[in-house]
Protein chains: 2
Amino acid sequence: MLGGMIEARHLRVLRAVAATGSFSAAARELGCTQPAVSQQMKVLEGAAGTPLLIRSGREMRLTEAGRALVRHATGILAGLTAAEEEVAAIAGLRAGRVRLVSFPSGSSTLVPMALAELRAAHPGTRVSLVEAEPPGSVEMLRSGDCEIALAFRYPQMGEEASGEWDDLVLRPLLNDRLVGVVPEGHKFAGAGAVGIAELAGEPWIAGCPRCRGHLVEVCESEGFTPRIDFATDDYPTVIGLVGAGLGVAVLPELALESVRTKGATTLEVEPAVRREVVALTLPDLARVPAVAATLDRLEQAARR
Amino acid sequence: MLGGMIEARHLRVLRAVAATGSFSAAARELGCTQPAVSQQMKVLEGAAGTPLLIRSGREMRLTEAGRALVRHATGILAGLTAAEEEVAAIAGLRAGRVRLVSFPSGSSTLVPMALAELRAAHPGTRVSLVEAEPPGSVEMLRSGDCEIALAFRYPQMGEEASGEWDDLVLRPLLNDRLVGVVPEGHKFAGAGAVGIAELAGEPWIAGCPRCRGHLVEVCESEGFTPRIDFATDDYPTVIGLVGAGLGVAVLPELALESVRTKGATTLEVEPAVRREVVALTLPDLARVPAVAATLDRLEQAARR
DNA sequence: TCCGAGCATAAGCGACCCTTGGGGATGGGC
DNA sequence: GCCCATCCCCAAGGGTCGCTTATGCTCGGA
């Protein structure tokens with residue numbers, strides 16, 4: 001039904017014939033038999049509606065239409081191989097760009113490590129990073145604004161349906177333990193571990209809205225409602241506030257990785273609370289080599 | 001055996017999918033069914049080695065490789081349609097160039113008439129004209145220096161094998177009668193007809209080498225050898241020489257068509273001698289529309 | 001909850017393409 | 001002048017590819 005069109009295959013054959021001057025030589029160059037070349041040319045001449053080459057005794061010459069077609073074939077086939085090469089480069093991790101969205105504590109720890117290793121292994125792949133908290137980052141993923149979204153979730157939280165990411169490819173990276181942070185002079189400073197309920201009376205400093213929501217949930221299950229005096233998603237700020245004695249906090253361990261905890265000290269909390277840090281992508285994108293490679297490096301960095 | 005290549009058909013489908021945003025719409029646009037599009041894209045993705053588009057819920061988006069391929073497809077398909085159009089123009093007589101070689105008396109009579117009609121019918125086809133006498137013009141045809149050769153031959157001449165043009169396409173144009181030319185004051189001037197043998201004692205003025213050879217042959221078969229005082233392939237010169245009373249000549253009627261015969265008068269010769277004027281081309285070239293059209297106009301002009 | 005739209009899959013079938021084998025013509029070598 | 005190698009065309013066979021029909025599934029919207 002879609003017949004009559006000139007196909008790239010025809011142009012390859014024609015070019016080989018024009019270059020070699022004979023069907024047999026073209027067939028050798030193309031790695032097929034001579035009748036195959038003969039038939040291809042017959043089909044092409046049929047599509048063109050005019051002879052393309054003249055068999056004059058020994059040599060094979062082009063007609064005007066044949067010359068015109070060869071002239072175009074050069075550019076067309078060059079464009080085609082260029083396209084193939086570019087696609088092959090993307091598929092072969094020699095090129096390509098991945099847009100990664102991460103929450104702050106991930107982008108300051110996992111991401112740099114993963115990208116460094118990716119860069120070392122595949123210098124051609126470029127990864128761009130944008131920061132966004134989970135609800136928005138997943139939205140960006142779905143709307144096509146990024147290829148990978150680093151996100152986290154609290155397994156216990158029931159408010160967000162556990163099936164929210166069912167249509168996504170989920171790569172678990174690490175289980176991030178939450179640790180308490182108190183001023184160095186605090187009464188629990190040297191305790192090593194503390195029950196959350198024991199901090200009921202303290203002023204609290206909360207992190208991002210999502211973490212804050214989870215914090216409240218956990219505290220309420222422990223029998224109290226925390227008095228939150230400050231809330232900021234900037235973890236150095238949280239540490240600074242704690243260090244200044246303005247309150248206590250419970251932060252993901254990952255968030256403390258890249259923050260100097262001067263003036264504050266950490267301690268385990270009871271009950272143990274963890275958040276799950278995962279990389280999300282779309283099913284089709286998971287099969288894109290550059291995306292898969294980035295996911296692998298992220299996983300590798302998380303295992304450290 | 002030549003698999004794995006990206007074909008133009010794939011790019012057409014991909015472009016349609018990218019443009020419409022859905023397989024079904026692309027199928028409608030391409031005039032095929034939806035599974036056909038689905039399979040094409042699967043094959044293309046297999047050849048590319050990476051997904052090209054992501055099925056995200058309702059909408060269909062391109063991956064980076066898909067965008068790269070679409071970007072290239074634009075140029076490739078444009079080049080392909082340009083090639084098809086150019087070939088179609090040549091095949092449809094809206095373009096194209098024909099190189100015509102003719103002997104002088106043909107190029108001054110038949111050719112202008114034929115080219116005028118060709119120009120009127122197909123303004124796009126251009127014909128270039130070069131003058132050459134038959135032995136050389138056929139050589140040019142065989143060596144690819146022209147598409148059509150106007151030539152003539154003397155049927156009686158045995159020296160040139162009658163099979164010399166067997167591998168060519170021969171289009172008979174006209175049988176050119178040879179007429180005698182004598183000065184106006186000549187004793188045969190008003191005779192209307194004369195036997196060649198009666199001119200045995202006259203000084204002769206011969207035309208082109210080929211005609212001269214034939215003239216000698218005819219005269220010898222009539223029992224005498226002509227005394228040739230002048231030989232030139234420029235017919236006005238021949239007429240001028242005859243008009244000046246320097247001799248007699250036997251010329252093709254066609255050659256007199258465009259020459260003012262002042263000072264000379266024509267008469268029929270016995271035995272009647274004719275030369276056959278034909279258009280020659282190569283078998284493959286005869287099927288080239290522009291060549292065929294030119295041949296038709298030449299034949300048409302000769303019938304006049 | 002039903003329904004329409006859209007994509008994927010499987011089976012069937014036709015077309016296409018390549019191969020093999022043989023014939024004819026051309027041009028060079030002895 | 002004859003032989004032979006090369007090259008192209010032709011015909012037939014087989015395998016693959018691509019398109020179509022039919023079916024099932026998912027997703028959104030009424």
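All of these numbers come straight from a predicted model, not from anything done at the bench. In what follows, chains are A, B, ... by sequence order, proteins preceding strands, each numbered from 1.
- Between the CZ atom of A/Arg55 and the C1' atom of C/dG27 there is a distance of 19 Å, given to the nearest Å.
- What separates CD of B/Glu45 from P of C/dC7 is a distance of 13 Å, to the nearest Å.
- Atom CZ of A/Arg212 has 12 or fewer neighbouring heavy atoms from other residues, nucleotides or ligands inside a 6.0 Å radius.
- The backbone N or O of B/Ala114 lies less than 3.5 Å from no partner atom in the side chain of B/Gln300, so there is not a single donor-acceptor pair.
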Checklist entry - What string of B, S and - do you get for nucleotides 9-17 of chain C 5' to 3' if you count protein non-hydrogen atoms under 4.0 Å? => result B-------S

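- Following rounding to the nearest Å, B/Met5 (CE) and D/dC17 (C1') show an atom-to-atom distance of 17 Å.
- One can place CG of A/Leu52 at 17 Å from C1' of D/dC8, the figure rounded to the nearest angstrom.
- When rounded to the nearest whole Å, the span between CG of A/Leu53 and C1' of D/dC9 equals 14 Å.
- B/Phe23 pairs by the ring-ring contact (aromatic ring centres under 6.0 Å, His included) definition with nothing, not counting sequence neighbours.
- Under a 4.0 Å N-O distance rule, the pair B/Asp145/B/Arg99 does not qualify as a salt bridge.
- Remark: A/Ser22 is not in phosphate contact with D/dT6, judged by side-chain N or O atoms under 4.0 Å from OP1 or OP2.
- Checking each of A/Leu282, A/Thr281, A/Thr125, A/Leu100 against A/Val291 for a side chain to side chain contact (heavy atoms under 4.5 Å, CB included) leaves exactly one that passes, namely A/Thr281.
- The side chain of B/Phe23 lies closest to C/dA8 when the candidates are C/dA8, C/dT19, C/dG6.
- Judged by distance alone, the side chain of B/Ser38 and the main-chain N or O of B/Gln34 form no donor-acceptor pair under 3.5 Å.
- A/Glu147 approaches A/Arg97 most closely through the heavy-atom pair OE1-O, 4.2 Å.
- Among the atoms of the strands shown, none is found under 4.0 Å from any heavy atom of A/Met41.
- Atoms CE (A/Met60) and C1' (D/dT6) sit 12 Å apart, rounded to a whole Å.
- In this model, the phosphate group of C/dT19 is approached by a side-chain N or O of A/Thr33 to a distance below 4.0 Å at OP1 or OP2.
- As a whole-Å value, the separation of B/Leu282 CG from C/dT26 P is 13 Å.
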